[in-house]
Number of protein chains: 2
Amino acid sequence: MILELQWEALLSRAGCRITEPRRVVMRVLEQAQRPLTPQEILERGKLLHPNLGLVTVYRTLELFESLDLVCLVHREGGCHGYLLSAPGHRHVLMCDSCGRAVEFPGQDDLAQLIDRVQQHTGYAVGDHLLQLFGLCPECQEASGSSVP
Amino acid sequence: MILELQWEALLSRAGCRITEPRRVVMRVLEQAQRPLTPQEILERGKLLHPNLGLVTVYRTLELFESLDLVCLVHREGGCHGYLLSAPGHRHVLMCDSCGRAVEFPGQDDLAQLIDRVQQHTGYAVGDHLLQLFGLCPECQEASGSSVP
DNA sequence: ATTACTGCAAACGTTTTGCAATTAC
DNA sequence: GTAATTGCAAAACGTTTGCAGTAAT
């Protein structure tokens with residue numbers, strides 16, 4: 001609820017309009033809780049708003065990303081998806097099995113590592129990209145009982 | 001030199017042939033020392049081997065990646081490139097200004113962080129993707145003297 | 001001589017652009 | 001009423017596939 005108000009206020013403040021397609025994309029991302037490709041967002045969005053267009057999905061994601069409402073998740077394979085993101089929490093932990101993703105802070109631990117790397121390499125580290133992959137609690141149970 | 005012998009031996013052992021296009025792609029990556037897109041590799045490679053084809057670049061990169069000779073570097077923007085990689089060292093530190101990239105190990109520091117995240121979330125973390133971005137020593141000097 | 005490899009052309013999927021109609025403000 | 005936004009069609013882009021010719025072993 002709080003989130004719903006927040007993003008609408010953010011858009012308004014940025015001089016953007018609250019439209020049905022934007023509401024639909026936001027609702028799809030809220031319900032998914034895992035990274036979705038623009039195609040996937042379109043498919044799910046069409047169920048709520050049948051004449052939603054793919055171009056609008058792309059433009060909405062671009063807008064949401066510029067407002068930090070959404071973040072891009074990378075995989076080794078190169079495929080990537082968009083995930084709803086609480087601002088400030090920039091690291092993603094994603095389940096390899098069901099795709100569910102959660103975010104975690106972890107600034108402090110990383111600061112240590114970054115310090116060490118800076119000393120060893122002479123680089124001045126600014127930004128970083130950290131994403132973890134594994135099994136969520138539900139999928140651990142599932143694989144534990146069905147595939148022992 | 002040692003690297004040169006190493007990759008040729010690796011290919012032979014895998015039942016692959018040492019061909020001119022593959023030598024060219026390897027030389028281009030060696031000389032670049034920063035992530036290059038397939039297009040960029042083609043352009044530079046054509047200078048050494050004019051009738052090099054883009055398809056061959058893709059297939060060569062696919063092969064090199066499967067042998068861990070090369071790794072894929074992601075950027076927030078979504079663009080990505082291929083970087084020559086010493087096997088085992090899986091983390092990339094790339095200069096925002098000149099693009100030069102180095103690799104660093106950092107397994108221990110990360111293990112601590114991963115432990116903490118596992119306890120907090122209940123996820124069983126397997127793989128991870130960590131990439132740092134900043135300024136290399138040369139670009140720090142350059143920006144320090146020209147743009148104070 | 002055998003068979004992996006190359007390069008072209010063409011297919012393919014994803015992302016971007018131009019524009020007239022629509023809709024939020 | 002005004003201006004941002006939408007959705008379509010089409011263009012642009014990056015990547016993959018099929019296949020006949022070439023080259024490494």
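Note: hydrogens, waters and symmetry copies are ignored here, and every other heavy atom, side chains too, is used. Here is how names work: the chains are called A, B, and so on, in the same order as the sequence lines, proteins then strands, and each is numbered from 1.
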Measure [atom1]/[X] against [atom2]/[N] and give the value in whole Å, please.
X     : N      : atom1 : atom2 : answer
B:L61 : D:dT16 : CG    : P     : 10 Å
B:Y58 : C:dT6  : OH    : P     : 16 Å
B:R23 : C:dC5  : CZ    : C1'   : 13 Å
A:L11 : C:dC25 : CG    : C1'   : 13 Å
A:L63 : D:dA4  : CG    : P     : 13 Å
B:N51 : D:dA23 : CG    : P     : 9 Å

**Message:** Side chain of A:T19, heavy atoms from C-beta onward: which of D:dT5, D:dT17, D:dG14 has the nearest atom to it?
**Reply:**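 Closest nucleotide to the A:T19 side chain: D:dT5.
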**Request:** Looking only at side-chain atoms of B:V55, point me to the closest of D:dA24, D:dT6, D:dT16.
**Result:** D:dT16
**Message:** Please classify the nucleic acid contact of B:I18 as base, sugar-phosphate, or nothing, using heavy-atom distances under 4.0 Å.
**Reply:**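 Result for B:I18 = sugar-phosphate.
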**Prompt:** Base, sugar-phosphate, or nothing: which does A:R22 touch, judged by heavy atoms less than 4.0 Å apart?
**Reply:** sugar-phosphate
**Prompt:** So which heavy atom on B:L29 is nearest to which on B:L36, and how close?
**Reply:**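 The pair with the smallest heavy-atom distance is CD2-CD1, 4.4 Å.
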**Request:** Would you check if the side chain of B:Q140 reaches a backbone N or O of B:L135 as a donor-acceptor pair within less than 3.5 Å?
**Result:**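 Yes: the side chain of B:Q140 pairs with the backbone of B:L135.
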**Message:** Checking the side chain of B:S85 only, and the main-chain atoms of B:D68 only, is there a donor and an acceptor separated by less than 3.5 Å?
**Reply:**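 Between the backbone of B:D68 and the side chain of B:S85 there is a qualifying donor-acceptor contact (under 3.5 Å).
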**Asked** Would you say the side chain of B:R17 and the base of C:dT3 hold a donor-acceptor pair, judged only by whether the two atoms sit under 3.5 Å apart?
**Response** yes
**Prompt:** At under 4.0 Å, does any side-chain N or O of A:T56 touch on OP1 or OP2 of D:dT6?
**Reply:** no
**Carboxylate-amine/guanidinium contact B:E30 B:R27, below 4.0 Å** =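 Result for this pair is no, no salt bridge flagged.
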